[in-house]
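What follows is a single structure, written as C-alpha cells, with notes after it.
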Amino acid sequence: LSGVEATLRRVTVQNSTSEFSAAVRAVGSTVNVVDSSIVNNSGTGAAIDLVQSPGRFETSTISGNAGIGIRTFTSNELGDPAGELLLSSVTVANNAGGGVFHSFAGGVLQATYQNSLLADNGGAGNFGATVGSFDTLNLQSLGNNLLDDTPAGAAAHAAGPNDQRDTDPLLGPLQDNGGPTPTHALL
C-alpha cells in the first residue's frame, strides 16, 4: 500500500511470505485492521510493516508469525516524523521476532493500547525498538491489558487501570472459536 487509506475488515491473512513484510506493507498510508487475523505468515521482516503509516488495530489477532508481529518505522527524512499506533482489544502473541517493534531514523511513535493481550512473543519481546531509539517510542497503556512481562528499561511505562503484568495468559491454540477469524481462547 502506498499513499492510501486501507481497511482490512473481517479478513484472515495467513501463510504468505516476503523478504520484508509477510502480509501487509504500508508506506505513507493509513492502515486500519478490524475484526481480522494476521497469522502464520513467514518472512524475515514483519507480518505488518508500517512505514510512516499510522496503524489502528481493533478486535484483531496478530499471532504465529515468523518475524515481528507489527513493525513501525518513522523518519525525519521521509516527511512527517510522527507515527501513531493504536491497539484496542487486540491479541499480539506467539510472533517469533517480537510483538510490536519500532525502528526509526528520527521521529516519534506514539503507541497506545487498551483491552489487549501481548504474550509469548520472541525476539524483541512484547515491545521493542532499535538500539538508541527508545526515546522516540512513547508507550501508553489505557488500561485493561494483559502482558506476560513488565516492560523494563527504556520500554518501561506506567501500567494503566486494571492492567495485569507478569501474568501467564494461558492461551489456547490459534483456531476457530466461533468468530469471523481464528483467535486464541483463554484457558
Side-chain angles (χ1 to χ4, degrees), residues 13-14 16-27 31 33 37-57 60-75 78 81-88 90-114 116-142 145-160 163-169 171 174 184:
V13 180
Q14 64 184 357
S16 64
T17 187
S18 173
E19 181 179 350
F20 297 108
S21 59
V24 177
R25 180 173 169 85
V27 179
V31 176
V33 178
S37 291
I38 312 295
V39 298
N40 299 327
N41 297 287
S42 60
T44 58
I48 302 161
D49 200 12
L50 304 173
V51 179
Q52 296 291 105
S53 299
R56 294 177 191 93
F57 297 80
S60 294
T61 300
I62 295 91
S63 180
N65 296 293
I68 296 163
I70 301 169
R71 183 185 83 102
T72 60
F73 178 82
T74 56
S75 171
L78 295 176
E84 176 188 19
L85 179 66
L86 171 63
L87 306 177
S88 179
V90 172
T91 297
V92 181
N94 300 320
N95 297 291
V100 177
F101 191 83
H102 178 59
S103 299
F104 87 112
V108 175
L109 175 71
Q110 177 64 45
T112 57
Y113 64 109
Q114 64 184 356
S116 293
L117 185 153
L118 288 92
D120 299 326
N121 292 296
N126 293 324
F127 293 106
T130 52
V131 175
S133 68
F134 276 113
D135 59 333
T136 68
L137 175 59
N138 297 324
L139 294 171
Q140 180 183 15
S141 169
L142 300 178
N145 297 296
L146 177 65
L147 284 73
D148 67 351
D149 66 1
T150 295
H157 59 283
D163 275 359
Q164 294 183 40
R165 293 182 170 187
D166 292 315
T167 302
D168 185 347
L171 291 176
L174 184 67
H184 292 279

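What you see below is based on every heavy atom in this structure, not just the backbone, and it leaves out hydrogens, waters and symmetry mates.
Side chains of Phe57 and Ile38 form no contact here, defined as non-hydrogen atoms less than 4.5 Å apart. When side chains are defined from C-beta on, Tyr113 does not count as touching Val100, because their heavy atoms never get closer than 4.5 Å. A 4.5 Å side-chain heavy-atom check between Leu85 and Leu109 finds at least one atom pair inside the cut-off. Using a 4.5 Å heavy-atom threshold, the side chains of Arg71 and Ser103 count as touching. You'll find the side chain of Thr112 reaches within 4.5 Å of the side chain of Leu86, heavy atoms only. For the pair Leu87 and Ile70, the minimum side-chain heavy-atom distance is below 4.5 Å. Looking at Gln164 and Asn145, their side chains never come closer than 4.5 Å, going by heavy atoms from C-beta outward. Two residues are said to be in side-chain contact when any heavy atoms from C-beta on lie closer than 4.5 Å; Pro151 and Arg165 meet this criterion.
Residues Ala47 and Asn65 approach most closely at CB-CG, 3.5 Å, considering heavy atoms. Residues Gly55 and Leu50 approach most closely at CA-CD1, 3.8 Å, considering heavy atoms. Closest non-hydrogen pair, Ser53 versus Ala26, comes out as OG-O, 3.2 Å. Shortest non-hydrogen contact noted between Asn41 and Val13 is ND2-O, 3.2 Å.
Using modelled atom types, one side-chain atom of Asp166 and one backbone atom of Thr150 make a donor-acceptor pair closer than 3.5 Å. Looking only at distances, a side-chain donor or acceptor of Asp163 sits under 3.5 Å from a matching main-chain atom of Gly160.
Of the inter-residue distances, the one linking Leu146 atom CG with Leu171 atom CG reads 8.0 Å to the nearest 0.5 angstrom. Note that the CD atom of Gln110 and the CD atom of Gln140 stand 6.0 Å from one another [nearest 0.5 Å]. Thr72 contributes atom OG1, which lies 11.5 Å from atom CD of Glu84 (distance to the nearest 0.5 angstrom).
Checked options Asn94, Asn95, Asp149; the residue passing with Asn121 is Asn95 (criterion: side chain to side chain donor-acceptor pair (under 3.5 Å)).
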